[in-house]
Amino acid sequence: MRICCIGAGYVGGPTMTVIASKCPDIRIDVVDLNAERIAAWNSDNLPVFEPLLESLVKSVRGVNLFFSTDIDSAIDAADIVFISVNTPTKTYGYGAGSASDLRFVESCARKIAEVSKSDKIVVEKSTMPVRTADVLKAILSEGSVKFQVLSNPEFLAEGTAIENLENPDRILIGGDEDTESGRRAIGVLSDIYARWVPRERILTTNLWSSELSKLTANAFLAQRISSINAISALCEATGADVDQVAKAVGSDSRIGPKFLKSSIGYGGSCFQKDLLNLVYLCEHFNLPKVADYWRKVVEMNSYQKHRFSRLVIDSLFRNICGKRLAIFGFAFKENTNDTRESPAIDICKDFLSENAKLAFYDPKVSKRQILSDLGLSDGDSRVEFCDSPYKAAEGAHAIVLLTHWDEFKTLDYGKIKATMVRPSWIFDGRNCLDTRLLLELGYLVRGIGKGNLL
Ligand code: NAD
Ligand code: UDX
């Protein structure tokens with residue numbers, strides 16, 4: 001059996017690496033239009049940072065896993081083609097700002113239809129609006145080659161991708177349950193996952209339930225974060241502590257403790273895009289009240305980010321002009337080099353609009369990426385890039401912690417304080433530092449939802 005995966009991104013690369021490691025008899029070709037990205041996958045400097053990924057890639061690359069730009073031959077030789085390309089929010093025309101931009105998916109379907117000489121199973125791995133499989137079927141049904149379309153959304157979270165892929169909560173496969181060929185295709189894909197995933201965790205549904213479940217799962221997760229973030233604002237106004245509230249609330253087994261960590265807001269390439277897509281679909285199907293309900297989750301996230309920048313600016317006597325702020329972390333979460341929709345972007349833009357000077361340290365995000373995210377050119381005197389958090393904090397009025405990297409928890413904050421301007425502030429946007437110790441060291445500390453510190 002041969003698999004082709006179109007799209008060598010954060011999903012395509014790690015997912016296919018795990019399938020290759022679990023199925024040594026299956027040859028997998030991961031292809032992409034982006035030659036630079038493919039070259040990186042074939043080098044020692046992978047384009048995606050994920051714990052455990054590098055050693056796993058090295059164990060299968062060139063054995064049964066291949067990265068290439070030869071899209072046509074890889075598709076033609078495959079029995080199963082995964083579409084794992086980006087599905088960003090549309091920025092133009094009808095539905096701009098909320099609908100999903102399906103041009104990359106459509107071009108994959110056209111390419112598959114054009115180059116395939118044998119029957120294939122085509123798998124939607126990308127997150128798609130519900131009923132996208134209809135679009136794929138319409139394009140693929142033009143010639144004599146037979147295609148079965150399946151929906152198999154990916155639930156991995158960045159930073160824990162390999163762990164999630166090796167031990168998933170569930171695998172979801174949607175297909176044409178009503179036809180013999182549809183059921184056979186579902187069976188082929190289920191059998192691949194069943195090599196390492198217990199059968200009871202492989203859920204099969206119709207196509208539309210599968211497509212909609214992915215959007216719904218992300219909407220629920222984002223909603224939990226916006227809910228606890230909304231409560232964090234109330235904590236600050238009343239003297240309650242959001243971490244204590246989250247613990248008390250999450251101890252109810254009906255609610256559960258996960259995804260209740262209040263923060264500067266969620267980031268990442270998925271939550272906002274998928275929520276906006278859900279809003280768009282509800283509007284499209286004439287359900288404006290449902291659309292409004294989910295739109296509020298996005299609005300609350302934006303509110304939380306700007307609320308945090310305001311807290312920093314107000315605390316520093318409503319004036320950060322010319323003041324150096326040490327920015328600890330820029331990735332949207334720990335253990336990834338991804339900055340897509342990182343809350344750090346909006347927050348740093350707020351600081352720059354007040355003419356602050358920013359000194360960045362992130363263990364995995366490049367200077368080039370930060371400059372591009374902030375729309376700055378190299379050499380801009382308002383920003384500096386440091387190779388250690390200690391250097392970033394030298395001469396700073398405040399440390400602003402934006403990403404929950406473990407290394408920030410164990411720094412020598414006594415040593416750091418001696419090099420900072422006084423009074424020395426720490427704004428802990430992830431509530432991950434030892435506040436009591438920092439207060440003892442003489443810092444002025446602000447967290448999220450920490451009413452008792454105000
Ligand atoms: P990505 O941008 O990292 O990668 C997509 C890749 O597809 C790019 O390298 C791009 O060059 C390539 N591509 C686009 N059009 C192409 C074409 N016609 N032919 C060949 N290659 C093409 O995106 P990602 O983060 O891997 O996400 C992919 C999909 O998976 C999205 O729909 C996303 O919503 C979904 N998803 C992402 C995550 C995540 O954590 N990143 C998790 C679950 C689901
Ligand atoms: C998310 C979903 O979790 C995953 O199932 C889906 O496949 C892709 O989208 P991802 O965006 O990679 O994964 O990371 P996730 O761990 O969900 O974190 C998203 C954002 O929420 C991060 O900015 C994170 O810091 C934030 N977050 C997460 C919180 O602020 N509080 C929490 O309790 C959890």
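Since this is a predicted model, take the numbers as computed values, not measurements. Residue indices begin at 1 and follow the sequence shown. Basis for what follows: all heavy atoms, side chains included, without hydrogens, waters or symmetry-related copies. All ligand and atom numbering here is 1-based and tracks the order in the structure.
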Undergrad: In terms of residue, atom name and distance, what is the protein heavy atom nearest to atom 27 (N) of ligand 2?
TA: I225 CD1, 3.4 Å
Undergrad: Should V197 and P168 count as side-chain neighbours, where that means a heavy-atom distance under 4.5 Å?
TA: yes
Undergrad: Pairs of nitrogen or oxygen atoms closer than 3.5 Å, one from Y266 and one from ligand 2: do any exist?
TA: no
Undergrad: For the atom pair CD1 (I327) and OH (Y361), what is the distance rounded to the nearest 0.5 Å?
TA: 14.5 Å
Undergrad: With a 4.5 Å cut-off on side-chain heavy atoms, are V145 and F147 touching?
TA: yes
Undergrad: Should D428 and K409 count as an ion pair when the cut-off is N to O under 4.0 Å?
TA: no
Undergrad: Within a distance under 4.0 Å of any heavy atom of L156, pick out the atoms of ligand 2 and give their elements.
TA: 4 (C), 5 (O), 6 (C), 7 (O), 8 (C)
Undergrad: Parallel under 30°, tilted from 30 to 60°, perpendicular over 60°: which one fits the rings of F360 and F330?
TA: perpendicular
Undergrad: Do me a favour and list the nearest non-hydrogen protein atom to atom 12 (O) of ligand 2 with residue, atom name and distance?
TA: E158 N, 2.7 Å
Undergrad: Considering the heavy atoms of E154, write down every atom of ligand 2 situated less than 4.0 Å from one of them.
TA: 7 (O)
Undergrad: Check whether R430 reaches the backbone of L402 with its side chain - one donor and one acceptor, N or O, closer than 3.5 Å.
TA: yes
Undergrad: Distance-only check: which donor-acceptor pairs under 3.5 Å involve side-chain atoms of residues 150-161, not counting sequence neighbours?
TA:
unit_1: S151; atom_1: OG; unit_2: S210; atom_2: OG; d: 2.6
unit_1: N152; atom_1: OD1; unit_2: K125; atom_2: NZ; d: 3.0
unit_1: N152; atom_1: OD1; unit_2: Y193; atom_2: OH; d: 2.6
unit_1: N152; atom_1: ND2; unit_2: L172; atom_2: O; d: 2.9
unit_1: E154; atom_1: OE1; unit_2: K125; atom_2: NZ; d: 3.0
unit_1: E154; atom_1: OE2; unit_2: L156; atom_2: N; d: 3.0
unit_1: E158; atom_1: OE1; unit_2: T336; atom_2: OG1; d: 3.3
unit_1: T160; atom_1: OG1; unit_2: A157; atom_2: O; d: 3.3
unit_1: T160; atom_1: OG1; unit_2: N164; atom_2: OD1; d: 2.9

Undergrad: How close does the nearest protein non-hydrogen atom get to atom 17 (O) of ligand 2, and which residue and atom is it?
TA: F259 CZ, 3.2 Å
Undergrad: What protein heavy atom is closest to atom 5 (O) of ligand 2, reported as residue, atom name and distance in Å?
TA: F155 O, 2.8 Å
Undergrad: What atoms in ligand 2 come closer than 4.0 Å to a heavy atom of K214?
TA: 6 (C), 7 (O)
Undergrad: Looking at N218, T89, T87, which one forms a side-chain hydrogen bond (donor to acceptor under 3.5 Å, both in side chains) with K273?
TA: T87
Undergrad: Can you report which non-hydrogen protein atom sits closest to atom 3 (O) of ligand 2, along with the distance?
TA: L221 CD1, 3.7 Å
Undergrad: Identify, for atom 16 (O) of ligand 2, the protein heavy atom at the shortest distance, and state residue, atom and that distance.
TA: K333 NZ, 2.8 Å
Undergrad: For the side chain of S342 and the backbone of T339, is there at least one donor-acceptor N/O pair under 3.5 Å apart?
TA: no
Undergrad: Name the orientation class of the two ring planes belonging to F49 and W405 (parallel below 30°, tilted from 30 to 60°, perpendicular beyond 60°).
TA: tilted
Undergrad: Which residues satisfy the salt bridge (charged side-chain N to carboxylate O under 4.0 Å, His left out) test with D373, sequence neighbours excluded?
TA: none
Undergrad: Which residues pass the salt bridge (charged side-chain N to carboxylate O under 4.0 Å, His left out) test with D101, not counting sequence neighbours?
TA: R103
Undergrad: How close does the nearest protein non-hydrogen atom get to atom 33 (O) of ligand 2, and which residue and atom is it?
TA: K261 N, 2.9 Å
Undergrad: How long is the gap from CZ on F82 to CD1 on I121, to the nearest 0.5 Å?
TA: 9.0 Å
Undergrad: Can you figure out which of G429, S263, G268, P343 has its heavy atom closest to atom 30 (O) of ligand 2?
TA: S263
Undergrad: For atom 19 (C) of ligand 2, which protein heavy atom lies nearest, and how many Å away is it?
TA: F271 CE1, 3.5 Å
Undergrad: Within a distance under 4.0 Å of any heavy atom of R430, pick out the atoms of ligand 2 and give their elements.
TA: 24 (C), 25 (O)
Undergrad: Hey, looking at atom 8 (C) of ligand 2, which of P257, S269, A331, C270 has the closest heavy atom?
TA: C270
Undergrad: For ligand 2, which is the ligand I care about here, please tell me if F332 has any N or O atom under 3.5 Å from one of the ligand's N or O atoms.
TA: yes
Undergrad: Checking contacts here: is it the side chain or the backbone of N218 that comes within 4.0 Å of ligand 2, counting heavy atoms only? Could be both or neither.
TA: side chain
Undergrad: Give every pair formed by an N or O atom of ligand 1 and a protein N or O atom closer than 3.5 Å, one pair per line with both atom names and the distance to 0.1 Å, or write none.
TA:
unit_1: ligand 1; atom_1: 3 (O); unit_2: Y10; atom_2: N; d: 3.2
unit_1: ligand 1; atom_1: 3 (O); unit_2: R37; atom_2: NH1; d: 3.3
unit_1: ligand 1; atom_1: 3 (O); unit_2: R37; atom_2: NH2; d: 3.3
unit_1: ligand 1; atom_1: 4 (O); unit_2: R37; atom_2: NH1; d: 3.4
unit_1: ligand 1; atom_1: 9 (O); unit_2: D32; atom_2: OD1; d: 3.4
unit_1: ligand 1; atom_1: 9 (O); unit_2: D32; atom_2: OD2; d: 2.6
unit_1: ligand 1; atom_1: 9 (O); unit_2: R37; atom_2: NH1; d: 2.8
unit_1: ligand 1; atom_1: 11 (O); unit_2: D32; atom_2: OD1; d: 2.7
unit_1: ligand 1; atom_1: 18 (N); unit_2: S107; atom_2: OG; d: 3.1
unit_1: ligand 1; atom_1: 21 (N); unit_2: L33; atom_2: N; d: 3.4
unit_1: ligand 1; atom_1: 25 (O); unit_2: R340; atom_2: NH1; d: 3.3
unit_1: ligand 1; atom_1: 25 (O); unit_2: R340; atom_2: NH2; d: 2.9
unit_1: ligand 1; atom_1: 26 (O); unit_2: Y10; atom_2: N; d: 3.0
unit_1: ligand 1; atom_1: 26 (O); unit_2: V11; atom_2: N; d: 2.9
unit_1: ligand 1; atom_1: 32 (O); unit_2: T87; atom_2: OG1; d: 2.6
unit_1: ligand 1; atom_1: 32 (O); unit_2: T127; atom_2: N; d: 3.0
unit_1: ligand 1; atom_1: 34 (O); unit_2: T127; atom_2: OG1; d: 3.4
unit_1: ligand 1; atom_1: 34 (O); unit_2: K273; atom_2: NZ; d: 2.6
unit_1: ligand 1; atom_1: 40 (O); unit_2: E158; atom_2: OE2; d: 3.1
unit_1: ligand 1; atom_1: 41 (N); unit_2: E158; atom_2: OE2; d: 2.8

Undergrad: Between D32 and R37, is the closest basic N to carboxylate O distance under 4.0 Å?
TA: no
